[in-house]
Amino acid sequence: MTLHLLKLCVGAESVADLRAWTRLRRENRREGAEAVHAHVTRMFPKRAGELLDGGSLYWVIKGQISARQKLIRIEPFMDSAGVKRCALQLDDEVIAVRPRPFRAFQGWRYLAPDEAPPDLDASAAGLADMPEALRRQLSELGLL
């Protein structure tokens, strides 16, 4: 069964910011480096098998679930200070989703597939073409 993760995207103001950051990381990869990037977290998810069965990392940006990136691999490692960490390796593509309010929290949360917001695509009745700020305001008003 597929499962997703939910995490705050600290520092990003919009999906465009997250995309720009991802693009910058891709452009700054060392020659010959693996073509994936990772988000480092402290805890290793106990349900990693379910996450890697088609799961994504959903990002909460400014109080709303706004985007997702496909999870490629989850690897434990030890940092330079000897602290156990976990690298959530993500696909470069940042996919906007139908915005949904979500309060702030620490760490990450599991997100069941039936609770995950749908992707914004051509079939989303024009939402994908709408400016992100307008989508955010309409969602805050409960109109999306």
Side-chain angles (χ1 to χ4, degrees), residues 1-30 33-80 83-144:
M1 181 176 117
T2 301
L3 189 63
H4 305 291
L5 282 180
L6 185 63
K7 183 127 178 62
L8 296 182
C9 191
V10 178
E13 295 289 320
S14 65
V15 175
D17 276 354
L18 178 59
R19 285 183 175 137
W21 178 82
T22 301
R23 186 174 42 257
L24 180 65
R25 290 201 42 162
R26 182 175 50 244
E27 291 168 358
N28 289 333
R29 283 190 189 120
R30 293 185 324 265
E34 191 173 3
V36 296
H37 71 273
H39 176 76
V40 176
T41 187
R42 193 172 55 106
M43 303 299 291
F44 187 90
K46 292 180 176 149
R47 300 173 70 182
E50 293 170 83
L51 293 168
L52 294 174
D53 187 23
S56 292
L57 176 60
Y58 281 77
W59 292 107
V60 176
I61 300 172
K62 294 191 69 147
Q64 293 188 345
I65 303 174
S66 300
R68 72 179 181 89
Q69 288 179 277
K70 184 174 172 43
L71 283 162
I72 296 172
R73 201 170 26 231
I74 301 173
E75 294 185 355
F77 71 97
M78 189 90 57
D79 71 10
S80 60
V83 177
K84 290 181 181 180
R85 304 278 183 199
C86 176
L88 303 172
Q89 294 187 349
L90 306 168
D91 186 73
D92 280 343
E93 184 181 11
V94 176
I95 301 164
V97 298
R98 186 179 297 245
R100 190 176 87 204
F102 205 92
R103 62 175 171 61
F105 59 94
Q106 290 185 343
W108 45 260
R109 303 284 182 267
Y110 290 115
L111 182 65
D114 60 336
E115 296 173 350
D119 293 350
L120 284 182
D121 57 17
S123 66
L127 288 177
D129 298 327
M130 188 181 293
E132 185 178 349
L134 181 57
R135 281 195 313 259
R136 180 175 298 286
Q137 288 175 346
L138 291 173
S139 176
E140 288 171 357
L141 293 170
L143 299 173
L144 282 183

Enquirer: Over all heavy atoms of both residues, which pair between A12 and D17 is shortest? Give the atoms and the distance, please.
Expert: C-OD2, 3.9 Å

Enquirer: I need the minimum non-hydrogen distance between L90 and Q69, along with the two atoms involved.
Expert: CD1-OE1, 3.7 Å

Enquirer: Tell me the closest heavy-atom pair linking F77 and V40, and the distance in Å.
Expert: CZ-CG1, 3.7 Å

Enquirer: To the nearest 0.5 angstrom, please state how far the CD atom of E50 sits from the OG1 atom of T2.
Expert: 9.0 Å

Enquirer: Show the nearest heavy-atom pair for residues G107 and K7, with the distance to one decimal.
Expert: O-NZ, 3.6 Å

Enquirer: Please confirm whether W108 and H39 have ring centers closer than 6.0 angstrom.
Expert: no

Enquirer: Considering only heavy atoms from C-beta outward, does the side chain of L51 approach that of Y110 to under 4.5 Å?
Expert: yes

Enquirer: Measure the NZ-CZ distance between K84 and R42 for me, rounded to the nearest 0.5 Å.
Expert: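 So the NZ of K84 and the CZ of R42 are separated by 12.5 Å.
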
Enquirer: Just to verify, what does E115 make a side chain to side chain donor-acceptor pair (under 3.5 Å) with, not counting sequence neighbours?
Expert: none

Enquirer: Do you know which two heavy atoms are closest between D92 and T22, and how far apart they sit?
Expert: O-CG2, 3.2 Å

Enquirer: Can you tell me how far apart CD1 (I72) and CG (D91) are? Round to the nearest 0.5 Å.
Expert: 4.5 Å

Enquirer: Verify, without hydrogens or angle tests, whether H4 (side chain) and S56 (backbone) share a donor-acceptor contact under 3.5 angstrom.
Expert: yes

Enquirer: Which pair of heavy atoms, one from I61 and one from S14, lies closest together, and at what distance?
Expert: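 Nearest heavy atoms, I61 then S14: CG2-N, 3.7 Å.
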
Enquirer: Looking at CG of L8 and CD of Q106, how far apart are the two atoms once the value is rounded to the nearest 0.5 Å?
Expert: 9.0 Å

Enquirer: Do R68 and D119 come close enough that some side-chain heavy atom pair is under 4.5 Å?
Expert: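 SC-SC contact between R68 and D119 confirmed.
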
Enquirer: Going by heavy atoms in the side chains, are R100 and Q64 under 4.5 Å from each other?
Expert: no

Enquirer: Under a 3.5 Å distance rule, please check whether Y58 uses its side chain to pair with a backbone N or O of V97 as donor and acceptor.
Expert: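 Here the side-chain-to-backbone pair does not exist.
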
Enquirer: Looking at R109, I'd like to know if its CZ atom is crowded, meaning that more than 12 non-hydrogen atoms belonging to other residues, nucleotides or ligands lie closer than 6.0 Å.
Expert: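 Atom CZ in R109 is packed in, count exceeds 12.
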
Enquirer: What's the spacing between K70 NZ and E93 CD if we round to 0.5 Å?
Expert: 11.0 Å

Enquirer: To the closest 0.5 Å, what do you measure between CG (L52) and CG (L71)?
Expert: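 One finds 6.5 Å between CG of L52 and CG of L71.
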
Enquirer: I'd like to know if the side chain of R19 reaches the main chain of V94, judged simply by a donor and an acceptor atom lying under 3.5 Å from each other, with no hydrogens or angles considered.
Expert: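 Yes, because the side chain of R19 sits within donor-acceptor range (under 3.5 Å) of the backbone of V94.
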
